[in-house]
Amino acid sequence: MFPGAWKPAILLVFCYLFFLDSNAQSWKEQYDQSVKKYEEGQLAEAYNLANQSLQSYINESGAVNDNYAAILRHSANVCFGLEKYDQGIELLTKEIQIRESKPDQGLADARLNLAEFYKQLEKFNEAIGQIKASEKILQGYFKPTDPELISCRLNLAITYYLAGVLPPSFEILREHFKKLNEITTSESEELYAVYYYGLLLSDLGKTEEAVYVFIRTKELWEKAGQANNSEFALVLSGLAQAYHQFNLFHKAEETFLQAQQLMESQKLTSEDYLKLINERAVNLQSLGQTAKAQELFMIIQNNPNGGVIYAASLNNRATFFQNKGDYEEAEKLYREALSKFNQNTVEGKLQYAETKSNLAILKSDQGKYEEAITLLTEARSSYEEAEATGTTGYLNVLNKIGTVYLKARKKGEAKESFDLSYALSSNSPETTKVARLQAMMGLGTLAFQQGKINTADSIFESVIVVYEKQKLRQDA
């Protein structure tokens, strides 16, 4: 599985102290033993020795200096390996308090480490704050082209993406990979970042660009000798999904199958594997191979760890039946999916909201507008509770609300929803272009229904200009 971005950097800083009493350095011996156990992968023993070293240091000296900071750093790293994230955050916070009077690279690395712990707990805003603070320190030591700052910037871009804050992520990654064809990196930071860049382009509906980026990502990973691990399987899965979005279903199936076989060769049945199975099943449905797709959905259903992935697969199957006009079966699957999402996580809450908005469109297609509006309002609230109002998903819900109000001939409410979507999407037009165009189309349709023909024509012409510019860029 791809890390939140990177494993914590290990920076062990020693200021050797001299004591007349040899017993006064027992913390150092325990520390060295803990480091050795950590490097050997014996994390439980490393954890116990790290705790002993920390307590011994406090009892023997307790001096607030680089030695103390080094013990805290190592102890936090051990906690990361054992998934003791809350304890690791406490240790790193103490380290930062020791170092913050001297804003050097040691402090910058401590903040980057703390960001990794926050990401594991899905506290992405806190992680972003730590990375930005680290970047500010590093700018005093390095040039923008130095690897230390590049790594920090890419880390920030990935974390923005994980937080669903797409505009700044897009800005950083677009600038870094503007000459992707010339990049020949084998650095892990760039390999991860180009993967996330592909995901970001897919999310933004820039499908053709996403296909190119993932093809290039695949080449870079292969040249770096990273083509036989589970992370490369995720690269293949990203490429397959981009092919699927570009309606290249046969190429998508070929690539999905490669990714699945790679994961199975390593006997992986993780959440990433189940997501891959789900995405491949959806693609098989697009190929008309519903029986084979159903076999894959059953793998997810029968997996004890299927949980959220099974709920997502139900949503995908429901959408398939909805598109076929089988509303009864689609609604049954949507409601089953809604009962299975874990709303205690940000991801689960957003998936719940998306599924609810899909069910709302089904109700709208049946002419049940009041019920559709209720569902969409609830979906909108879920996005707001998850503090995800800057995401394309939230904008899509606003546009869906406007569309249903239009169908119900409630023009004032429709305008209010489209206006809000347009205003929010205009803050970052490059990353929310599709949602912005949808809002403009809604406002144009509304103007037409109100008999404001000139206004409607002007809006529709603006939409056409944007589409034509996009087509020219693609042709170029």
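A donor-acceptor pair under 3.5 Å is formed between the side chain of Ser426 and the backbone N or O of Tyr422. Formation of a donor-acceptor pair under 3.5 Å by the Thr374 side chain with backbone atoms of Glu370 is found in this model. Looking only at distances, no side-chain donor or acceptor of Trp221 sits under 3.5 Å from a matching main-chain atom of Val235. For the pair Ser265 (side chain) and Leu262 (backbone), a donor-acceptor distance under 3.5 Å is present. Listed for the Ser134 side chain is no donor-acceptor partner under 3.5 Å among the backbone atoms of Gln130. For Asn278 (side chain) and Leu274 (main-chain N/O), no donor-acceptor pair under 3.5 Å exists by modelled atom type. Under a 3.5 Å cut-off, the side chain of Ser237 and the backbone N or O of Ala233 do not form any donor-acceptor pair. Between the Asn302 side chain and the Met298 main chain, a donor and an acceptor come within less than 3.5 Å of each other. Without hydrogens or angle criteria, Thr403 side chain to Asn399 main chain gives a donor-acceptor distance under 3.5 Å. Formation of a donor-acceptor pair under 3.5 Å by the Arg317 side chain with backbone atoms of Tyr334 is not found in this model.
The neighbour count for Lys452 NZ, taken as heavy atoms of other residues, nucleotides or ligands under 6.0 Å away, does not exceed 12. More than 12 heavy atoms of other shown residues, nucleotides or ligands fall within 6.0 angstrom of atom CZ in Phe460. Annotation for Asn228: atom CG does not count as buried by contact number, only 12 or fewer foreign heavy atoms lying within 6.0 Å. Within a 6.0 Å sphere centred on CD of Glu328, heavy atoms belonging to other residues, nucleotides or ligands number 12 at most. The environment of Glu222 atom CD is dense: over 12 non-hydrogen atoms of other residues, nucleotides or ligands sit within 6.0 angstrom.
When all heavy atoms of Arg380 and Tyr394 are compared, the pair lying nearest together is NE-OH, 3.2 Å. Residue Ala242 comes nearest to Ser202 through the heavy atom pair CB-OG, 4.2 Å, listed as atom of the first residue, atom of the second, then distance. In terms of heavy atoms, Ser75 sits closest to Ala50 at OG-CB, 3.6 Å.
In this pair, Phe341 and Tyr352 present their aromatic rings perpendicular. The plane angle is above 60°, beyond the 30 to 60° band.
Results of the side-chain contact (heavy atoms from CB on, under 4.5 Å) test with Ile401 over Ser417, Ser421, Ser357 single out Ser417 as the only residue that passes. If you run side chain to side chain donor-acceptor pair (under 3.5 Å) between Asn283 and each of Gln241, Gln289, His250, His244, only His244 comes through.
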**OP:** Could you give me the CA-CA distance, side-chain angles and deciding distance for Gln260 and Glu264, then say whether side chain to side chain donor-acceptor pair (under 3.5 Å) is met?
**Re:** CA-CA 6 Å; Gln260 182 180 340; Glu264 290 175 347; 3.0 Å; yes
Original post:
What do the steps show when you test Lys400 against Asn358 for side chain to side chain contact (heavy atoms under 4.5 Å, CB included), and what is the final call?
Top reply: CA-CA 10 Å; Lys400 288 177 180 178; Asn358 288 344; 3.6 Å; yes
Original post:
Between Asp203 and Tyr161, is a side chain to side chain donor-acceptor pair (under 3.5 Å) present by the stated rule, with each step listed?
Top reply: CA-CA 10 Å; Asp203 290 350; Tyr161 174 80; 2.7 Å; yes
**OP:** Using the side chain to side chain contact (heavy atoms under 4.5 Å, CB included) rule, take Gln450 and Lys411 through it: C-alpha gap first, then chi angles, then the decisive distance, then the call.
**Re:** CA-CA 8 Å; Gln450 292 174 324; Lys411 298 181 176 62; 3.7 Å; yes
**OP:** List the steps and the verdict of side chain to side chain contact (heavy atoms under 4.5 Å, CB included) for Leu424 and Leu398.
**Re:** CA-CA 10 Å; Leu424 292 174; Leu398 291 177; 4.0 Å; yes
**OP:** Would you sort out whether Lys292 and Glu295 count as a salt bridge (Lys or Arg N to Asp or Glu O under 4.0 Å), showing the intermediate values?
**Re:** CA-CA 5 Å; Lys292 189 179 290 187; Glu295 290 177 9; over 6 Å; no
**OP:** Apply side chain to side chain donor-acceptor pair (under 3.5 Å) to Glu253 and Tyr243, showing your working.
**Re:** CA-CA 9 Å; Glu253 165 58 11; Tyr243 279 142; over 6 Å; no
Original post:
Do Gln42 and Tyr47 pass the side chain to side chain donor-acceptor pair (under 3.5 Å) test, and can you show the C-alpha distance, the side-chain angles, and the key distance before you say yes or no?
Top reply: CA-CA 9 Å; Gln42 300 180 43; Tyr47 177 76; over 6 Å; no
**OP:** Given side chain to side chain contact (heavy atoms under 4.5 Å, CB included), test Leu173 with Leu154 step by step and report yes or no.
**Re:** CA-CA 7 Å; Leu173 293 175; Leu154 293 178; 4.0 Å; yes
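When side chains are defined from C-beta on, Leu112 counts as touching Asn155, because their heavy atoms get closer than 4.5 Å. Counting heavy atoms from C-beta outward, Asp272 and Ser230 have side chains that stay 4.5 Å or more apart. Looking at Arg409 and Gln449, their side chains come closer than 4.5 Å, going by heavy atoms from C-beta outward. Using a 4.5 Å cut-off on side-chain heavy atoms (C-beta onward), Ile183 and Val194 make no contact. Put simply, the side chain of Thr217 does not reach to within 4.5 Å of the side chain of Leu239, judged on heavy atoms. The shortest side-chain heavy-atom distance between Ile309 and Glu271 falls under the 4.5 Å cut-off. Thr159 is not listed as a side-chain neighbour of Tyr118, based on a closest heavy-atom distance of 4.5 Å or more. Using a 4.5 Å cut-off on side-chain heavy atoms (C-beta onward), Thr290 and Leu284 make no contact.
Taken from OH in Tyr196 to CG in Leu201, the straight-line distance is 15.0 Å, to the nearest 0.5 Å. In this structure, Asn113 CG and Asn77 CG are separated by 5.5 Å, a value rounded to the nearest 0.5 Å. A distance of 9.5 Å separates CG of Leu199 from CG of Leu162, quoted to the nearest 0.5 Å. Rounding to the nearest 0.5 angstrom, the gap separating the CG atom in Leu180 from the CD1 atom in Ile215 is 11.0 Å. From Asp86, atom CG reaches atom CG of Leu121 across 5.5 Å, with rounding to the nearest 0.5 Å. Put simply, CD1 on Ile300 and OH on Tyr310 are 9.5 Å apart, with the number rounded to the nearest 0.5 Å.
When ring centroids are compared, Tyr85 and Phe80 come within the 6.0 Å threshold.
With respect to the salt-bridge test (charged N to carboxylate O, under 4.0 angstrom), the residues Glu135 and Lys132 do not qualify. A salt bridge links Glu331 with Arg335: the distance from a Lys NZ or Arg NE/NH1/NH2 to an Asp or Glu carboxylate oxygen falls below 4.0 Å. Salt-bridge formation is detected for the pair Lys407/Asp365: a Lys NZ or Arg NE/NH1/NH2 atom is positioned less than 4.0 Å from an Asp or Glu carboxylate oxygen. One finds a salt bridge joining Arg174 and Glu209 here, because a Lys/Arg side-chain nitrogen approaches an Asp/Glu carboxylate oxygen to under 4.0 Å. Ionic pairing of Glu254 and Lys251 is not present here: no N-O contact between side-chain nitrogen and carboxylate oxygen is shorter than 4.0 angstrom. Using a 4.0 Å cut-off between a side-chain N of Lys or Arg and a carboxylate O of Asp or Glu, Glu416 and Lys410 do not qualify as a salt bridge. Remark: Glu336 does not engage Lys332 in a salt bridge, criterion side-chain N to carboxylate O under 4.0 Å.
Between Glu45 and Tyr38, the side chains place no donor N or O within less than 3.5 Å of an acceptor N or O (distance only, hydrogens not considered).
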